[in-house]
J.: 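Handing you this structure, nothing more for now.
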Amino acid sequence: MYKKPVLLVIAHGSRDPRHAATVHALVRRVRSLRPDVRVETGFLDFNIPSVQGVLESLAAQGVRDVVALPLLLTRAFHAKADIPAVLRDAPPRLRIRQAEVLGPSPLLTAALERRLYEAGLTAADKSSTGVVLASAGSTDPEAIAVIAEIAREWRHTGWCAVRPAFASASLPRTEDAVRELRALGCERVAVAPYVLAPGFLPDRIARGAAEADVLADVLGPAPEVARLLLERYEAARVPVLAAVGA
């Protein structure tokens, strides 16, 4: 039935059951968009199936070609170290290509705005609203720089101001960015979590948004995120097919 490489979505995993539920909801949306592509999910930690378990199962079923897609918004430690290490231990019969992480992308910015509008804002509110782009945070300077650049570019689309914030590892925190936007004179302040699924750090972002006027939901299974997964898959699968002469 499936002639294209298998798309293996690799999620971090969490003790919070909302995390896996959200990942599975996103994967269901991807499947609905591309019924011609087999889509599987594996977790690095806490949840099952594990990435290694999925890869072994695929190999046992006779699958040859896999596109491994990190369900990550920035290229930090998990994308640079953890996932390549797991893929190196995959069964040798598998031909695996690691796709790029999801961010940055205009589709993610569109998903952020979707969530803000769902939380009560309108396009007419943009010029008077300051937005906190609240990410999980990272010790990787490249990842932090990407978040800051997204905030700078997003500001130019009409918002009063956009400030990055981080739930861990980096500063400022969400609550500090909210207060900064208040001090700038923005009529209202909204917090847009730049995270894919609920969990410990997204909950910290939510607590930091206590003084904001609007708190958007996580990106989750937004249509734009599902489309982006497929964009990353298509970009990665072409070299796979070229390499095997298909």
Side-chain angles (χ1 to χ4, degrees), residues 12 69-84 98-117 119 121 123 125-186 188-197 201-202 204-206 208-209 212 214-220 222-232 235-236:
H12 182 274
L69 195 159
L71 198 60
L72 301 169
L73 296 175
T74 58
R75 182 171 164 74
F77 182 78
H78 293 305
K80 294 177 179 179
D82 283 352
I83 292 175
Q98 183 176 332
E100 291 296 327
V101 298
L102 299 181
S105 167
L107 284 170
L108 289 176
T109 306
L112 287 165
E113 296 210 358
R114 170 187 292 274
R115 293 301 189 224
L116 286 169
Y117 296 151
L121 292 179
D125 296 323
K126 290 185 74 169
S127 63
S128 57
T129 301
V131 178
V132 178
L133 179 68
S135 76
S138 174
T139 57
D140 189 305
E142 177 186 347
I144 297 303
V146 166
I147 299 299
E149 180 60 24
I150 293 170
R152 282 192 292 270
E153 291 186 2
W154 200 16
R155 160 70 180 84
H156 297 309
T157 65
W159 296 101
C160 174
V162 180
R163 293 290 185 273
F166 307 95
S168 68
S170 307
L171 295 174
R173 295 287 183 256
T174 301
E175 52 268 36
D176 297 325
V178 168
R179 291 170 189 142
E180 180 185 352
L181 291 172
R182 290 274 189 228
L184 283 175
C186 296
R188 68 185 62 78
V189 176
V191 174
Y194 191 62
V195 293
L196 286 164
L201 292 178
R204 181 180 288 177
I205 290 171
V214 173
L215 171 62
D217 199 358
V218 298
L219 296 171
E224 296 85 358
V225 179
R227 287 167 50 202
L228 180 55
L229 263 68
L230 290 170
E231 280 193 5
R232 295 290 187 256

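What you are looking at is a predicted structure, and each value in this text was computed from that prediction instead of being measured.
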J.: Which atoms form the tightest heavy-atom contact between Leu181 and Ala161, and what is the distance?
T.: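 Residues Leu181 and Ala161, closest heavy atoms: CD2-CB, 3.6 Å.
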J.: Roughly how far, to the nearest 0.5 Å, is CG of Leu108 from CG of Leu102?
T.: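 That separation rounds to 6.0 Å.
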J.: Report the distance from atom CD1 of Ile205 to atom CD of Glu175, rounding to the nearest 0.5 Å.
T.: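 CD of Glu175 is found 10.5 Å from CD1 of Ile205.
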J.: Atom CZ of Phe166 and atom OG1 of Thr139: how far apart are they, to the nearest 0.5 Å?
T.: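 Result: 12.0 Å between the selected atoms.
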J.: First locate atom CG of Leu215, then atom OG1 of Thr174, and finally report the distance between them rounded to the nearest 0.5 Å.
T.: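 Going from the CG atom of Leu215 to the OG1 atom of Thr174 covers 9.0 Å.
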J.: Let me know which of Asp125, Val191, Val131 forms a side chain to side chain contact (heavy atoms under 4.5 Å, CB included) with Leu116.
T.: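 So, applying the side chain to side chain contact (heavy atoms under 4.5 Å, CB included) to Leu116 and each of Asp125, Val191, Val131, only Val131 qualifies.
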J.: Can Lys80 and Asp140 be counted as an ion pair, charged N to O under 4.0 angstrom?
T.: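 Yes.
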J.: Decide yes or no for Ile83 and Leu72: does some side-chain heavy atom of the first lie under 4.5 Å from some side-chain heavy atom of the second?
T.: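 Touching, per the 4.5 Å side-chain cut-off.
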J.: Any side-chain heavy atom of Thr157 sitting closer than 4.5 Å to one from Lys126?
T.: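 Thr157 vs Lys126: side chains touch.
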J.: Give me the atom names and distance for the closest heavy-atom approach of Arg188 to Leu121.
T.: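 Closest heavy-atom pair between Arg188 and Leu121: CD-CD2, 3.5 Å.
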J.: Ignoring hydrogens, what is the shortest heavy-atom contact between Ala111 and Val225? Give both atom names and the distance.
T.: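 Nearest heavy atoms, Ala111 then Val225: CB-CG2, 4.1 Å.
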J.: Taking the side chain as every heavy atom from C-beta outward, state whether Tyr194 and Val132 have any pair of such atoms under 4.5 Å apart.
T.: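 The answer is no, as the side chains (C-beta and beyond) never meet within the 4.5 Å cut-off.
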J.: Report yes if the side chains of Ile147 and Thr74 come closer than 4.5 Å at any heavy-atom pair, otherwise no.
T.: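 With C-beta onward as the side chain, the pair touches.
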J.: Run the side chain to side chain contact (heavy atoms under 4.5 Å, CB included) check on Thr129 and Val189 step by step: do they pass?
T.: CA-CA 6 Å; Thr129 301; Val189 176; over 6 Å; no
J.: Between Glu149 and Trp154, is there a side-chain donor-acceptor contact under 3.5 Å, judged purely by atom types and distance?
T.: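 Per modelled atom types, Trp154 and Glu149 side chains form no pair under 3.5 Å.
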J.: Whether the Arg204 and Ser168 side chains hold a donor-acceptor pair (N or O, under 3.5 Å, no angle test) is what I'd like checked.
T.: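 There is no such pair (donor and acceptor under 3.5 Å, judged by atom type) between the side chains of Arg204 and Ser168.
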J.: With rounding to the nearest 0.5 angstrom, report the CG to CD distance, Leu69 to Glu231.
T.: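 Rounded to the nearest 0.5 Å, the CG-CD separation comes out at 11.0 Å.
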J.: So do Val101 and Leu71 actually touch side chain to side chain, heavy atoms under 4.5 Å?
T.: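 Sidechains of Val101 and Leu71: no contact.
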J.: For Pro70 and Ala99, which heavy atoms make the closest approach, and how far apart are they?
T.: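 Smallest heavy-atom distance, with atoms named: CD-O, 3.3 Å.
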J.: Are side-chain heavy atoms of Leu196 and Leu73 found at a separation under 4.5 Å?
T.: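 Answer yes - side chains close enough.
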J.: Strictly distance-based, threshold 3.5 Å: is any side-chain N or O of Arg115 a donor or acceptor partner for the main-chain N or O of Val218?
T.: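 At least one qualifying donor-acceptor pair exists.
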J.: Tell me, do Arg163 and Leu184 make a side-chain contact under 4.5 Å, heavy atoms counted?
T.: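 In short, these two side chains touch, coming nearer than 4.5 Å.
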J.: Any side-chain to backbone donor/acceptor pair from Ser170 onto Ser138? Under 3.5 Å, distance only.
T.: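 Judged by distance alone, yes, a pair lies under 3.5 Å.
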J.: With the threshold set at 4.0 Å, does a side-chain nitrogen-carboxylate oxygen contact exist between Asp176 and Arg179?
T.: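 Answer for the salt bridge query: yes.
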J.: Does Arg232 come within less than 4.0 Å of Glu100, counting only side-chain N to carboxylate O?
T.: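 Salt bridge between Arg232 and Glu100, a charged N being under 4.0 Å from a carboxylate O: no.
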J.: Between Arg173 (side chain only) and Ala177 (backbone N and O only), is there a donor and an acceptor less than 3.5 Å apart?
T.: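 No, because the side chain of Arg173 does not come within donor-acceptor range (under 3.5 Å) of the backbone of Ala177.
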J.: For a quick test of reading the model, state the closest non-hydrogen atom pair linking Pro172 to Pro164 and the distance between them.
T.: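 Minimum heavy-atom separation between Pro172 and Pro164: CG-O, 3.4 Å.
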J.: Taking all non-hydrogen atoms of both residues into account, name the closest pair between Pro202 and Ala197 and its distance.
T.: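 Answer, listing the atom of Pro202 first, then Ala197: CG-O, 3.2 Å.
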J.: Nearest 0.5 Å, what's the CG-CZ distance between Leu230 and Arg227?
T.: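 One gets 10.0 Å once the value is rounded to the nearest 0.5 Å.
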